[in-house]
Every structure is written in structure tokens, then in C-alpha cells.
Amino acid sequence: MSSDNQRVRSIDPETLPKHFAAIEAEKRWDDRWEAWGTYRYDPTRPRDETFVVDTPPPTVSGSLHIGHLFSYSHTDTVVRFQRMRGRNIFYPMGWDDNGVPTERRVQNYFHVRCDPRIAYEPNFALEPATAKIRKQRPREISRQNFIELCHGVTEEDEQAFMEVWRRTGLSVDWTQTYATIDDHCRRLAQLSFRDLFEKGHVYNVDAPFMWDVDFQMALSQADVEDRLQTGAFYDIEFGVDGQDRGFAISTTRPELLPACVGVTAHPDDDRYKNLFGKHALTPLFRVPVPIFPSEVADPEKGTGILMVCTFGDSTDVDWWRQEGLALRQLIGHDGRLVSVEFGSENFPSRAAESANRYYSEFVGKNVAQARKVIAELLRDPAGSATGKGAPLLGEPRPVEHAVKFYEKGDRPLEFVQTRQWFVRLLDKKQALLEKGEQIRWHPDFMKVRYRDWTEGLKLDWCISRQRYFGVPIPVWYPLDDDGNPDYANPIVGEREQLPVDPMSDVPHGYTAERRDQPGGFSGEPDIFDTWFTSSLTPQIGSHWEIDDARHAQLFPADIRPQSHEIIRTWAFYTIAKALLHEDQIPWKNVLISGWVLDPDRKKMSKSAGNVQTPLPLIDQFTADAVRYWASSARLGTDTAADPKIFKIGKRLSTKLFNAGKFVLSQTADVHPIVNELDRSFIARLRDLVERNTRCFEDFQHAVALQETESFFWTHFTDTYLELVKHRARAEGAGNASSRGSAVAALRLGLDVLLRQFAPFLPYISEEVWSWVYAEERGERSIHRAPWPGSEDFRGIEPPSSDASFDVAVACWAAINKSKADAEVSMGRETLRLTIAASPKSLALLEPVLSDVLAAARCENHALAGRPELEEGVFEILDAEFAPKAEKAPR
RNA sequence: UGGCACGUAGCUCAGUGGCAGAGCGCCGCCUUGACACGGCGGAGGUCGGCGGUUCGAAACCGCCCGUGCCAACCA
């Protein structure tokens, strides 16, 4: 070797540890990436170079589980690919701390209750409640002070969450972090409300609406789920007012009998036709109620005729509206029956005295208790509306039926008349559906969930919640001279004034003294539905209404990753907001990750008690290994948390470590890639890169991982590397070219494969990259290195035959099989053998034969043409292997 | 009740019209100089069932069965 030739940069394998010390390396790289600003967003670069992620803000009360890690890993894989393609990545993290879970935690932790009427107390601080304090009544504090306590508690959680994300290797730009309760987000949410108000998309109305009696708050359609419950049909005999006859209705809610306001049956039902226009008389309470026909009544169900109450379900509300029925609200906000006076104007009765006697047994009871009471009373013949015996006919018949519940609630919803704020959506279904079509959904079929939900929308979006920890609705109401609020003319906070808390801040044009005074103003005590803020995450990142230039850079986002169970909430509301504010789509692509299942294929969830937390898994298997498992799942596919898969990932990263050690410890002169086998390997590598690039562009990361892993194992370590390792080590002046070609191809192979793996296995790929490539390529982090492309293969001649690589591998495998059959090690020297194959195959073998023979350690060989053998098939004849050496020379 | 997805080797899953695949597990062998946290070789499948389209179906169509999810079913 002449001394003026340039040597490749190599490592001394002795300087590397025997095994990859993952935990140490993960920490080291996390620190360096942070110090280097590897994942920092650059606001000076143009939009078309920027890739924007609308990150899901995890709820910070509670803890992250492996399902979070799963879907966030998918996002990170996409992001790392795009970064290597040169895109300027905007990848923030958000914390969702609004909502009921945080509220409950703070109430318990400090033993406090929020009362929004109380004034803010500056410099307020509390210690966690002691046992002694807990025995006293909870301390009542202002909303702003309550929010500050929530902040304190959530900050600890945020730190813990950030630690998990860092150890997962998420390439988040932590300088862009937001929290849904912080000033910025409250301002954005209130700006959103103001914009919707100005555009006429929001309204408030006092009307019956879905209500959870435990949380004592209104709900939106998306908060509600059906649960199958066992109930019972009660057949109850009603009288006909002024006549001596009766009929039987069927109901599952007999306790609402005192709230009965009407009776209805199908207009074509011959049994009841003659009753329409007359009045029925309820048993026990003897209230006359109108009997009217309704198409909605099902003659097949129950007795075919039913009572309409205030309010058993949403159909009752419809009838109440359509028929102009009376309103007899018995169920209070707390779910207990309120006191009423039969014989009064709104509760007429033909027997007020007995009605009040009966009803006195209901007052203060909850629904379940009231049902028991009425079940007994209905057995009393004295209560009959017809005088023909007990009102209850027969025994209640058990029935399974769907009942609406708040998804976080324990008792069925009631319909209660309250004043709430709404966003008008029902008139915008078509536009919402069109926006859904403009967004690309991955996998595509998830779009159906959005479409079904949107088409099935029955109610406008109720956005007011009777809670404290959240974003206040920025509204005050003028009070007239009698002190009554003018809800039709609310005062909305001015843009520059936001964020405001109307319970402590004062509207423009008023002074604080005029709060709750006649002629003054009154603040809205409610807060927004948590989705009202969460639906703005793209705008929160882009600083909509605050920084127009930044908004133009970052909106709409490129991707929205999320899970499928919140398509009807988070995705739906975000699309709605972008539509209402700017007639835009909020993002170009939605990436839906599946659920993580436990080893028994059950959904992993807190309520099921089968959750796994990420850190122990990372400690045990390494972050790369856990990410490998996550990345191996396609979008939308539910996936079991399987230790077997983590182990495969760990094995892969070990293999990369070892292969890297081998390849980069080879020494040789810098030399072009010229040998046939080397060129055919590089041609294969080039195909891989092209396929993977297409996969990533189409969000098929799992396919890219599978392809890369399979190539790495099947075409690199198990074959190519074994076939050329002898040539790569061959000393001697005559070997400089072939040796240099082998080393160059090995190094290019490793280089490209590391970069193919980098989005999935950020730590091990960075580690191996740092040994040589970082300096050699002038890119200190692989995660900022360019994604491989044609420039990596420039100047390398294609192989003379596309088949060279396969032929070499097939021939070598045939020799290996003969060794396996002879039960000798693969490394055993082969004294002689005959390679039989078709003449064509032998011709193809010729340019790579020397590498095959070297790998087989074969000293003497013969070739035998066998036209009958299929092309590419090799048979080994007359193989003779050296006897086992006593001991290896080294 | 409707919609969507899924059903392929013992397990976990790839495979969108052309010879049924991978990893794990299993069996046998090999300590070779990157790696025993390794390597080589092997066994193992009627692709849920039935019918259809096609020269050809695991794949496309229809029906059925099973599993999961979503939505509905509230008198």
C-alpha cells in the first residue's frame, strides 16, 4: 500500500464495550440533543420547508401508559423522517390540564372547594391538607386561586411526563410547550369564542338539556354514551277525564308519573284513536293531561300508548316542544325530587289533597328511591284513576334497554332545564363533511367514523360547563333595574382584554362596584367544555389572532396524530373550529393509531386495571426496543404489548451495534466500489431506499421498518457481510482495489442502513453514527443527516447482472447446507467441492465466485454444468471438509 | 339492529390476482476472527366456512360463522 493513499477513517473495536450500554447512551444522547438544539424549530425558514405536527396534549392528571408511548412513537417516526428530508419541524408538546380529573385531585389534595363568587386573593398559598384540616369543612377559594393550585399540582405531573417522553426519545421541541390552562391557551379559547360570537355561531338558551346529576353539569352529545341497563316495564292504568273508563300505559320510569304532562299513541292505532283530543287522568295524582297522536309512538312497544313526562328522555322534550305541553320539572339539579304543590296552577289535580299526600313521600328522594316508592303506591287501589283496582297492572316486566350516561358518570342522565351556551353546528353538517373529505385519513377507513358521527349529529355543541378549573366563558350580562340579567345582550370581553375571568374582571364601561347591582352587570360563572380549548391545538401552536405571520407559517398543520376513540370529539371539534373561524381544514393528514391491548387482547385502560407504564419497559428492554415494537404496528391497528416483540427490537439494536463495530473497524484505502458483488449489493440497497421513501411519504412506517430490518438481516449481516469479510481483510498489494471496494461498500451499506433505521431506533443509530460518520460527513447527529437518496449512490456503476447477488447467496447457502448436513461448523475449511448448476447459473456465478469460495473457505473446487437444474439452483457434490482443528491459532 | 375492521403456521403478524411468507417458539447441528444478546439447517398451514367471477383467488364479489370497535335501540 502506498503511503500517499488516503485511508478510511476506522475505529479500534477494542475501545468499544463488549455490549451496548443502552441506559447510559440514552441519557448521553438526550442531553446532547437538547444541548445541540437538534429538534429546534426554526421560525425563519419558509412554509414549504416546514412540517407541522398538531401534537395531542396528554391529560396530565394520572400517568402515561404504554398506549401513549405507542401512538407518540408513530408520530416521532414520521417526524424524524421528515427532519432528515430537510424539513423544518414544528413539533410541540402540550399538556391538557383542564377538566374534571385535575379538579378532583386538587380538591382532595388541598381540601378546598372553588366558589367563583369569591374574590381573587393575591399571594395565596396552601400546604397539602393535613388529616386535621380534612376534618373541617373544605376551604372555599376563588376560581383564580383554584386554578393556580391546579397549576401547581399539574406542574409536577408535567415534569414526570416530560421525563417519560425524553426517555422515549421523542424529538419534540420543548421550547414550544403549552398547557391548555395557561394564559396563552385561555386567551386563544376566549378569542375563539369572541370570533364565533361576532360571526353569530354561538347562542345561549334556557331549555331542557342533558344533565349529569352527580357532576351537576350540562353535557354535549359527544360526552354521552349508551349503556345497556336492566330495567322494567310498568303497566299503569290511566283514567279518561270525565269518563268511566281507562287504558294502560307502559313505562320504565314510573317515578316520573307525577311529572306526566301528556299521553300519546300512534295516529293509526285503532285501540286508542277515540282517545285523541280527550284528557287522561293520572292515577294517584289525578292530573288531567292531553291525549294526542304521534307518528313516533310505536304500537308494537309496551301497550302502544305511553305517558309523556318532564322529562324521561329526549323524545319527551320533542313532544313538549311540538305539543306545547306543560313543564313539570320534578328532578332537581342534584337528581333529587323537588317539592311541588298539587292543586297549584302548574300542577292541577282532581284530588289535590291526596296527590300532595302521595307526593310528600317523594320529596328529597333520588330517582332510584322514588321508583321504589311509586312501585308500592301503585299497588294501592285507592290511587286508581278509574276505581277499578290497583293502578299497577300485573308485575313489572324486566327489560334490557339502552340508557344514556355521561361517559365519566355513574347515574343515568336527566333532562333538566338550564341556561347553556351552544355553538351552532347542525346547520353546518354539509360543510363539516366536505372538510372531512379534504383531509387525508390514515388509514383511510377511519374517515367513515368521522362521517358517521357528523351525519348522526342531533344537537348543537353545548360548550358551557358548570365547573371551575377550565377556561371561563368571557361574558358578562347587563342587569336591568330589577337586577335581572339580559341574557340576549351579553357583553363579550374585548380582544385586547383577554384572557379574562368575568367573575373577577370587569367589563369595559363598568366599575367593579356595579357587579351584581341593579343596572350593573353580572359575570358568567361557567367555564368552557374542555374540548372548546383542545379543539384549538393547531391555532394554539400557530398563535392565531395573535401573530399573523406565525399563523401563516404553521396553519394548517401537516399531521394530526390521535387515537380513534376521540374522532367524534377531538378531531370533530377541531375540524369544526377551523371551519367556523377561517373556512379551513386544520390539518392535511390525520394519523390514527390503534389501541394497545394487554397480552390477553383486552384494551389497556385505567379502568380495566391492566395498564403498563413505559419506564420499567424502557429500563428492561431499552427505548429503541420499545419503539421498535410500536413502530412495527401499522396505523389504525390494535396491537398487544408483547415482550416477545420488545426482545426482537433489542436483538436488532444489538446486531446493529455489532455490525457497526465490525464494518467500521475495517481498514483500507479509500477506493471506489467496483467489484460485481459490491455493486449488486449496492443496487439492492438503492431499491430499498426508494421503497422506504415511498412508504414513509405514505405514512406506512411499519412497512419501511419491516423492509429495512429484513434487508439488514437477510441481505447485509447474514449474507453480504459474510461474503466479503475475507476480501475486506485481505492484505497484500494486489488486493488493494478489491479490498477497498469491499470496505467502501460495507461502509456505505452501514451508513445508509443506519439512516434507514434512525427514525425507529434513534439511540443505537446515533451511537454507531457517532463513531465515524458524524465527523466524516460533517453531521454530528444522524437525525439531522440527509435521508439517503441518489446522491449517496452517485458514481457507482450498476452490476453487470441483476442476479449476481442472489446467485452468490444461493451458491453460498448450498455450501452451508452441505456443511450442516455434514454437521460441521460454517467456518470449517472446505478441502474440495463440486458446484453443480445450469450453465447459465454458472455463468452468472463466475464474477462473484471468488467471494463465495472465500466465504466457504474453499481451497479446491470444480464446476459441473447441469442443464436440468433450474436457474439459480445450486447443488454441492463431493464436498470434503477439513478435520476439526485442535485449537484455533489465535 | 346497522356500519367499519379483523379472521393466514403453536403464538404475534406481513402478504390487493400468478409456486403460501417473516419473527418468536419447536427439532437437529455449529463456539467461525462483529455478534452465543450469535450462526447454519429443518419440521410445521385445506389462508374461518360455503358459493361465485377468473386460465388462475389467501387476495375480487355474494352469503354465512366468529371476534373487536363505533353508532343506534330509551315509552
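Every chain is numbered from 1, with letters handed out A, B, ... down the list of sequences.
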Please give, in whole Å, the distance from C37(B) C1' to Ile764(A) CD1? 12 Å
Does either side chain, that of Thr708(A) or that of Asn692(A), offer a donor lying less than 3.5 Å from an acceptor on the other one? yes
For C13(B), take OP1 and OP2 only and decide whether either is under 4.0 Å from a side-chain N or O of Arg634(A). no
Look at Glu395(A) together with Arg397(A) and state whether they make a salt bridge at an N to O cut-off of under 4.0 Å. no
Starting at atom CG of Asn816(A), determine the distance to atom P of G41(B), rounded to an integer number of angstrom. 6 Å
Given the structure, check if the side chain of Lys655(A) and the base of C35(B) hold any donor-acceptor pair shorter than 3.5 Å. yes
Could you let me know what G51(B) is paired to, Watson-Crick or G-U wobble, both distances under 3.5 Å, or none if it's on its own? C61(B)
C69(B) base stacked by His564(A)? Criteria: ring centres under 5.5 Å, plane angle under 30°. no
Looking at Lys725(A), does any N or O in its side chain come under 4.0 Å of the phosphate oxygens OP1/OP2 on A34(B)? yes
Length of the CD1-P vector between Ile23(A) and C37(B), whole Å: 18 Å
Is there a side-chain polar atom (N or O) of Lys647(A) under 4.0 Å from OP1 or OP2 of G23(B)? no
Specify the separation, in whole Å, of atom CG of Asp638(A) and atom P of C70(B). 10 Å
From the list Asp212(A), Asp223(A), Asp226(A), salt bridge (charged side-chain N to carboxylate O under 4.0 Å, His left out) partner of Lys404(A) resolves to Asp226(A)
pair_partner(U12(B)), Watson-Crick or wobble, both distances < 3.5 Å, evaluates to A22(B)
